[in-house]
Novice: 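Supplied in structure tokens, the structure appears directly below.
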2 protein chains.
Amino acid sequence: MTGSVTLHDVARRAGVSLATASRALNGSANRVVGEALRERVLRAAAELRYSPNAHAQAMARRRTRIIGLSLHDIADPYFSAVAAGVMREAETHGLLVTMASTGHRPGAETDYVGAFRRHWATVVIVVGSRTDDRAATDRLAEELAAFEAEGGRAVAVSQPRLPVDTISIDNRAGARDLGHTLHDLGHRRFAVLAGPADLLTAAERVDGFREAVAHRGGRLAPEHVVPGPFTRDGGYAAMQRLLDEEPDVSCVFAVNDVMAVGAMAALRDRGVDLPAGMAVAGFDDIATLRDVSPALTTVRIPLEEIGALAVRLALDEGADRPRLRRVAGEVVVRASTPRLPA
Amino acid sequence: MTGSVTLHDVARRAGVSLATASRALNGSANRVVGEALRERVLRAAAELRYSPNAHAQAMARRRTRIIGLSLHDIADPYFSAVAAGVMREAETHGLLVTMASTGHRPGAETDYVGAFRRHWATVVIVVGSRTDDRAATDRLAEELAAFEAEGGRAVAVSQPRLPVDTISIDNRAGARDLGHTLHDLGHRRFAVLAGPADLLTAAERVDGFREAVAHRGGRLAPEHVVPGPFTRDGGYAAMQRLLDEEPDVSCVFAVNDVMAVGAMAALRDRGVDLPAGMAVAGFDDIATLRDVSPALTTVRIPLEEIGALAVRLALDEGADRPRLRRVAGEVVVRASTPRLPA
DNA sequence: CCTCCTTGGGAAAGCGCTTACCGGAACGGT
DNA sequence: ACCGTTCCGGTAAGCGCTTTCCCAAGGAGG
């Protein structure tokens, strides 16, 4: 990058030293720069369209104003909602966010956290939820610990067992509440599209739902719990497999909205009338999906708020860390789960 | 950030000089480091868990491996699709992307490009489409020019009149094709939910559609072109206003899918049967929205591919810049626009 | 009138890295 | 045996900024 104007140029044009120029521009603490000089410097800077080099500042100050955000897939509305919250909050603090999509690749999070560490990010936020690969989790934990040891602040969202502040979505309680609600609507025979086996978030939702069913004296048959990717197509395929077994079921719970919508498509393609022929419920309350028809019963998670909270948590100089914040979901009943005629 | 291990530590532990350590680690060009030494250095680095400081490298090399991406709103699926493409392609090149949501705030893009410039980003990508505020556009153009003058590469998506490589979605042709298709389906009386007046993307889509209608000997009545925000609620409200006028219309074209879905919700709330009572078409073919019902007729834009293309374009050392790439849309007819019975 | 603060500016030492540039050693050709 | 050449390691000069330390000048207090 050639030709950029440096502080040196500004100082020369204003006829002052580098030190004075620097002080004039950032109004350095416990040091006053004469009004006249400050004026001169500011004017010179403006005339030259000077903008300080962020890396040089980072070197000298030994810190930056960037947030590193690692998530699975920005195209997934779940993650983009969280990202939106992070970015909104970041902006109010004058922070820039650099983002990485791990694409569900195990280990990628650790690599990216490493990159953020190399960049002296002030804050790193990882949102995910892998649970199976214990070794990978340990390496991530180690990397995050190193990052915090160097003065950074990390927050994990939906990613337990990490030695940093974490925000935990109460998946279990949300799914349980949903289960009870569906039971109250008269449903007794359930199936679950369970999502990926290795995703803790998915597992918790299944468990919570199972608890509710059990609590009401029912039982979730193992063959009615079908796994699959956390995507629209995953939901579609899982629903097809389920239908192939001709299950005796009146209501299917997909552990996220995206899958639920895929499941609805599969049902329709098989000629099932919705919502009369089958009730469908999801999880997350993705904004973009609120207008599917029939409108989806789901558990609302304040995703954007969670993103903002992550930033605030990281910036908050509280003691006794790591801290844990639980955020609850709220069942929203819509048209996709009508009351079952007795 | 204290306690981080530096190259100095590595060099000392390996018993070599800084220069050698550096050379051993980056295998510097036209310079060979003895195998034994290189081994020693690598081992020392691994033992110390050394990771180079990105800012120091940036300072010394005078460039970085980051892409600055500015867009309106990451929570909007249109933008998150483009972002996903950018990030996917960035990763294959070992680039990190730092992202900014302008939140539709005029001038914010310029501020963020300035920030990216300060960071010596190698590439800046702005995706947007404001057209009304000429002064703002000029300032953005100026900032981008300065950025490129300093050796960076910028690409604009859907943002014309900028002195950099730009990717232009052929909104006009897409909307025209859609108009013809709808006409072929027997529709004659159209309304348009036109989106924000100041967004070029929206304006072009309206124009293209209008052209098609005119070409077939029809006419789009001004009161049937209703503006509004580019959002679900914008579509909902616009549709309501339209219905309040009790227009003699059989088909409404919302200039993006998100609005189309909002419009469908409004129609349903007014008791209109879909798709029989009113045909609805959108634009973009947002993946998350493919399963609304009735399935939405729309114009498919390869958004993710566009994001990836932007990165490739920026990295491509082609001559005769600025270059212009047009990408076309493709009409996808689905259930929301049935053939009108003659 | 001298000393001691206080105020405000400059010189210079880094921050952690890359990369000319320099120089010693080993080697081959004559 | 001498003189290029190569090879390969070290020394040091930055990259653009902040910040400590030092110093000059002016004012207050004795």
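Below, each value reflects all heavy atoms present in this structure, side chains not excepted, and no hydrogens, waters or symmetry copies. Note that this is a predicted model, so its numbers are computed, not measured.
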Novice: Quiz question: going by heavy-atom distance under 3.5 Å, is there a donor-acceptor pair between the base of D/dG16 and the side chain of B/Arg118?
Specialist: no
Novice: Let me know the distance between NE2 of B/His55 and C1' of C/dC17, rounded to the nearest Å.
Specialist: 13 Å
Novice: To the nearest angstrom, how far is A/His8 atom NE2 from D/dT18 atom P?
Specialist: 15 Å
Novice: Under a 3.5 Å distance rule, please check whether B/Arg65 uses its side chain to pair with a backbone N or O of B/His93 as donor and acceptor.
Specialist: yes
Novice: Between B/Thr20 and D/dG10, is there a contact of a side-chain N or O with OP1 or OP2 at under 4.0 Å?
Specialist: yes
Novice: In whole Å, what is the span from the CD atom of B/Gln57 to the P atom of C/dC15?
Specialist: 17 Å
Novice: Can you tell me how far P of D/dT18 sits from CG of A/Leu7, to the nearest Å?
Specialist: 6 Å
Novice: Please figure out whether B/Leu37 or A/Asn53 has its closest DNA chain D nucleotide nearer the 5' end.
Specialist: B/Leu37
Novice: Please evaluate the base of D/dT20 for a donor-acceptor partner in the side chain of A/Arg23 within a cut-off of under 3.5 Å?
Specialist: yes
Novice: Would you please confirm or rule out a distance under 4.0 Å between OP1 or OP2 of C/dC15 and any side-chain N or O of A/Arg62?
Specialist: no
Novice: Do you know the tightest heavy-atom contact between A/Val10 and A/Ala44?
Specialist: O-CB, 4.0 Å
Novice: What's the closest nucleotide to the B/Pro52 side chain, out of C/dT18, D/dG16, C/dC17?
Specialist: C/dC17
Novice: Applying side-chain contact (heavy atoms from CB on, under 4.5 Å) to B/Arg38 and B/Arg23, what does each step give before you reach the verdict?
Specialist: CA-CA 8 Å; B/Arg38 137 172 273 115; B/Arg23 287 196 276 249; over 6 Å; no
Novice: If you find the nucleotide of DNA chain C closest to A/Val16 and the one closest to B/Ala60, which residue's nucleotide is nearer the 5' end?
Specialist: A/Val16
Novice: Does the side chain of A/Ser22 get closer than 4.0 angstrom to OP1 or OP2 of D/dC17 through an N or O atom?
Specialist: no
Novice: Is it the case that atom CZ in B/Arg49 sees more than 12 heavy atoms from other parts of the structure closer than 6.0 Å?
Specialist: no
Novice: Name the orientation class of the two ring planes belonging to A/His119 and B/His55 (parallel below 30°, tilted from 30 to 60°, perpendicular beyond 60°).
Specialist: perpendicular
Novice: How do B/Ala19 and B/Met59 order along DNA chain C: which one's closest nucleotide is nearer the 5' end?
Specialist: B/Met59
Novice: Roughly how many Å is it from CZ in A/Arg65 to C1' in D/dT18, rounded to a whole number?
Specialist: 16 Å
Novice: Just the rounded figure in Å: distance from C1' of D/dG10 to CZ of B/Arg12.
Specialist: 17 Å
Novice: If I take atom CZ in residue A/Arg63 and atom P in nucleotide C/dC15, what distance separates them, rounded to the nearest angstrom?
Specialist: 18 Å
Novice: Rounded to whole angstrom units, what separation is found between the CG atom of B/Leu18 and the C1' atom of C/dG16?
Specialist: 8 Å
Novice: Can you find a side chain N or O atom of A/Thr6 that sits less than 4.0 Å from OP1 or OP2 on D/dG16?
Specialist: no
